[in-house]
S.K.: 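The structure is given below, and queries will be raised subsequently.
Because the structure is predicted, anything quoted here is derived from the model rather than measured.
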Amino acid sequence: MAAEHPFKEILTALPKPGGGEFGKFYSLPALNDPRIEKLPYSIRILLESAIRNCDNFQVKKEDVEKIIDWENSAPKQVEIPFKPARVLLQDFTGVPAVVDLACMRDAMNKLGSDSNKINPLVPVDLVIDHSVQVDVTRSENAVKANMELEFQRNKERFAFLKWGSSAFHNMLVVPPGSGIVHQVNLEYLGRVVFNTNGMLYPDSVVGTDSHTTMIDGLGVAGWGVGGIEAEAAMLGQPMSMVLPGVVGFKLSGKLHNGVTATDLVLTVTQMLRKHGVVGKFVEFHGDGMGELSLADRATIANMSPEYGATMGFFPVDHVTLQYLKLTGRSDETVAMVEGYLRANKMFVDYNEPQQERVYSSYLELNLADVEPCISGPKRPHDRVPLKEMKADWHSCLDNKVGFKGFAVPKETQEKVVKFSFHGQPAELKHGSVVIAAITSCTNTSNPSVMLGAGLVAKKACELGLQVKPWVKTSLAPGSGVVTKYLLQSGLQKYLNEQGFHIVGYGCTTCIGNSGDLDESVASTITDNDIVAAAVLSGNRNFEGRVHPLTRANYLASPPLVVAYALAGTVDIDFDKEPIGTTKDGKSVYFKDIWPTTEEIAEVVQSSVLPDMFKSTYEAITKGNPTWNQLSVPASKLYSWDPNSTYIHEPPYFKDMTMDPPGAHGVKDAYCLLNFGDSITTDHISPAGSIHKDSPTAKYLLERGVERRDFNSYGSRRGNDEVMARGTFANIRLVNKLLNGEVGPKTVHVPTGEKLSVFDAAMVSSSVLNPGILFLRDNILFLASSFLELYDYYES
């Protein structure tokens, strides 16, 4: 007999306006505790989850009390359990998660138990978006051509995921070509409020992608976690987390004419980095909230990993409800969402007096203080006001090698290298833009900046400006809705004229799938040691991520991406220098092509329509012919192919017994790597291209994989052998043991031999067996053997 729920007395019905009820919910007001009124909205979501899941085993009444007493308990770094409502995966991280579930089933089977017990207990949504690469650009046929190549490279992975969607319960797989996971989550998958068998509760999600935080803009608590945590959540285990402090970020005022949401998020990122928000929630509030569209909020929430917070949360208000209606959620669903959140004190109504909430610390930004900017050349929080960009670029050329320096000798800073681009005269110099990509969920979910980019392209076309043909331009929308409104507005044709044809529906350049540069451009860069630039509307620009040959990488709004593509260089003062000239020789300046806020608002109003969302998402799970033709077995156990270099049976459970071996101490630890600051997941587990001289390349070549078929590290995360070799394989890794040399190598202790990180770990593991890697004060120690970190994600 099931035990009585400890909080059954606060289970309350939510009536429907027309009679009947939506369902029942655990009522926070029914607790009659004045401390709840002061809690940040983000903490109330943790509280509701703890109450609903309280069984005095996994979640105890003492945990509920810790959360209610958040103001006093959070500073003490107490731990609480949290059970998210669902789990979100993308294919790079989703494949290893499904691999783990498949080998768990094998282990259950070998132990004589029921393998079907390994099934997600909460909804799991997996969106295939990380695999498409920008191979073909500047072509009406680019989407089709890139998708065909995507399927050729990833057919085995896709078939494995399709098998998983039928072999496991509660798992939805959104096929390739549908969009970017976080935009699909925002526009379609996000529930805001769940109604499961008549039980109402807030939507919450953890995802194996750090930018899962984008959903916080919709008032859904969500953040990125590691693969092991996500798998535990899938299988019904609570996450243990430190009860976080909450930074209250007050917004006031209004953005100036011509200032974009991207300018705002880069400003917020810099402010929060400086404030210090690692391990904390950030909750936005204030009168300025009414000036931000839902898409603007999602842009800010998306970059939580870049400013270091667990999440950047925007509580649900009237703007949220309007967005739910715009994106095709039913009137009854919206009514249920509003009714539940109001009844449970989780809805913000700015038309009513606001209860003063308590925060751990406070920040404030007047939106009128935000100015046009970009960030780079190597970190997202290194914001540069547009008016200072030229001076900042020259200081970067001068500075010693570092986050803001390239150490280019003065006498070579102005050199111009002439070359032939398919028979046309061309030239490159330091700062020349060779990649201009409108990409990434951060911006492609926001109609104002996407249509703003179209308006810049239109004005440039009308003035006779043209992006140079050697600039690799691309446009990768986050969903089919973007294509619909760009066509509706008539602006896609102008983007096409400037080379920004749609290349696919996925992360592309932002995740490092930028594809090869033209050989003439690539050789000019390498032969002349050019510091070439990429400008992208992405969220990360760490060294080696965007493209191996672009040492300078700048994050910018989509309209600024177009502007820099037209200028052809980041070495320009947009206030004083012309972007180009008309056919009759008249100078064209930045102000001549930049749209006003009113121009953008008008085209958004007339072009972004609810039916676009409905028609896009009605068809999303139906797939495409290539996906639908993939044949997969109906078995519940996976048939591992020992010759596969994509999907490999991992060793974790092979010798598993019913009696765990117990813990082992760490001893005789050698230093493997010694790092400075700003070591990111890009350094730990790169997702991009596989270098031809790396241990991974050697492994693949030994197994008959040709170099052109290497694909990327991210695409091979279903093979633990590949990812062990790929750990710390970033080509820009700075290891202090190497005394200034850059690259994925280390000095083996104690022999002093210089080896790849993987080879050094393997030499040590043959002497010290078994063992573990651990990090202390940014120094990585090897205590016996190599720990595979393929599913490691920074929090």
S.K.: Within a strict 4.5 Å, meaning less than it, do heavy atoms of the Leu536 and Val546 side chains meet?
M.R.: yes

S.K.: Please walk me through it: do Arg383 and Asp392 pass salt bridge (Lys or Arg N to Asp or Glu O under 4.0 Å)?
M.R.: CA-CA 10 Å; Arg383 185 181 69 90; Asp392 190 83; over 6 Å; no

S.K.: Fit a plane to each ring of Phe728 and Phe675, take the angle between them on a 0 to 90° scale, and name the class: parallel (under 30°), tilted (30 to 60°) or perpendicular (over 60°).
M.R.: tilted

S.K.: Within a strict 4.5 Å, meaning less than it, do heavy atoms of the Asp592 and Lys459 side chains meet?
M.R.: no

S.K.: Nearest 0.5 angstrom please: Leu475 CG to Phe500 CZ, how far?
M.R.: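 If we round to the nearest 0.5 Å, Leu475:CG and Phe500:CZ are 8.5 Å apart.
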
S.K.: Could you check Leu566, Val588, Thr581 and say which one makes a side chain to side chain contact (heavy atoms under 4.5 Å, CB included) with Leu463?
M.R.: Val588

S.K.: So do the side chains of Lys472 and His547 get within less than 4.5 Å of each other, counting heavy atoms only?
M.R.: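 No, side chains not in contact.
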
S.K.: Does the distance from a Lys or Arg side-chain N to an Asp or Glu carboxylate O, for Arg153 and Asp709, drop under 4.0 Å?
M.R.: no

S.K.: Step by step, work out the side chain to side chain donor-acceptor pair (under 3.5 Å) result for Asn730 and Glu543.
M.R.: CA-CA 9 Å; Asn730 188 300; Glu543 289 182 280; over 6 Å; no

S.K.: Give a yes or no on whether a salt bridge exists between Glu462 and Lys458, defined as a side-chain N under 4.0 angstrom from a carboxylate O.
M.R.: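 The answer is yes: the pair qualifies as a salt bridge.
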
S.K.: Minimum heavy-atom separation for Val134 to Asn146, with atom names?
M.R.: C-OD1, 4.2 Å

S.K.: Donor-acceptor pair, distance only, cut-off 3.5 Å: does the side chain of Asn257 make one with the backbone of Thr597?
M.R.: yes

S.K.: Is the ring pair His211/His182 parallel, tilted or perpendicular, if the boundaries are 30 and 60 degrees?
M.R.: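 His211 and His182: perpendicular rings.
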
S.K.: Can you confirm whether Lys484 is buried at NZ, in the sense that more than 12 heavy atoms of other residues, nucleotides or ligands lie under 6.0 Å from that atom?
M.R.: yes

S.K.: More than 12 heavy atoms of other residues, nucleotides or ligands under 6.0 Å from CG of Asn528: yes or no?
M.R.: yes

S.K.: For atom NZ of Lys415, is the number of surrounding heavy atoms from other residues, nucleotides or ligands below 6.0 Å larger than 12?
M.R.: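 Counting neighbours around NZ of Lys415, more than 12 heavy atoms of other residues, nucleotides or ligands fall under 6.0 Å, so yes.
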
S.K.: Would Glu148 and Lys144 count as a salt bridge (Lys or Arg N to Asp or Glu O under 4.0 Å) here? Give the steps.
M.R.: CA-CA 6 Å; Glu148 286 173 356; Lys144 183 173 182 291; 2.7 Å; yes

S.K.: Identify whether the distance between the nearest side-chain nitrogen and carboxylate oxygen of Asp571 and Lys390 falls below 4.0 Å.
M.R.: yes

S.K.: Tell me whether Asp759 is salt-bridged to Lys698, with the criterion being a basic N under 4.0 Å from an acidic carboxylate O.
M.R.: no

S.K.: Trp470 side chain to Phe421 main-chain N or O, any donor-acceptor pair under 3.5 Å?
M.R.: no

S.K.: Picking from Arg540, Arg273, His381, Arg379, what satisfies side-chain hydrogen bond (donor to acceptor under 3.5 Å, both in side chains) with Glu306?
M.R.: Arg540

S.K.: Does Arg716 reach the side chain of Ile690, with side-chain heavy atoms less than 4.5 Å apart?
M.R.: yes

S.K.: Using a 3.5 Å distance criterion without hydrogens, assess whether the side chain of Glu388 forms a donor-acceptor pair with backbone atoms of Pro385.
M.R.: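 Judged by distance alone, no pair lies under 3.5 Å.
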
S.K.: Would you say the side chain of Thr508 lies within less than 4.5 Å of the side chain of Val132, judging by non-hydrogen atoms?
M.R.: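 Yes, close enough: below the 4.5 Å cut-off.
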
S.K.: Minimum heavy-atom separation for Ile572 and Pro578, please, with both atom names.
M.R.: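 In this case the closest contact between Ile572 and Pro578 is CD1-O, 3.7 Å.
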
S.K.: Within the side chain of Ser537, is there an N or O that forms a donor-acceptor pair under 3.5 Å with the backbone of Thr439?
M.R.: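 It does hold such a pair.
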
S.K.: A side-chain contact here means heavy atoms from C-beta on lying under 4.5 Å apart; do Gln498 and Thr473 qualify?
M.R.: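 Counting from C-beta outward, Gln498 and Thr473 never come under 4.5 Å.
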
S.K.: So, Tyr699 versus Phe758, ring centres under 6.0 angstrom or not?
M.R.: no

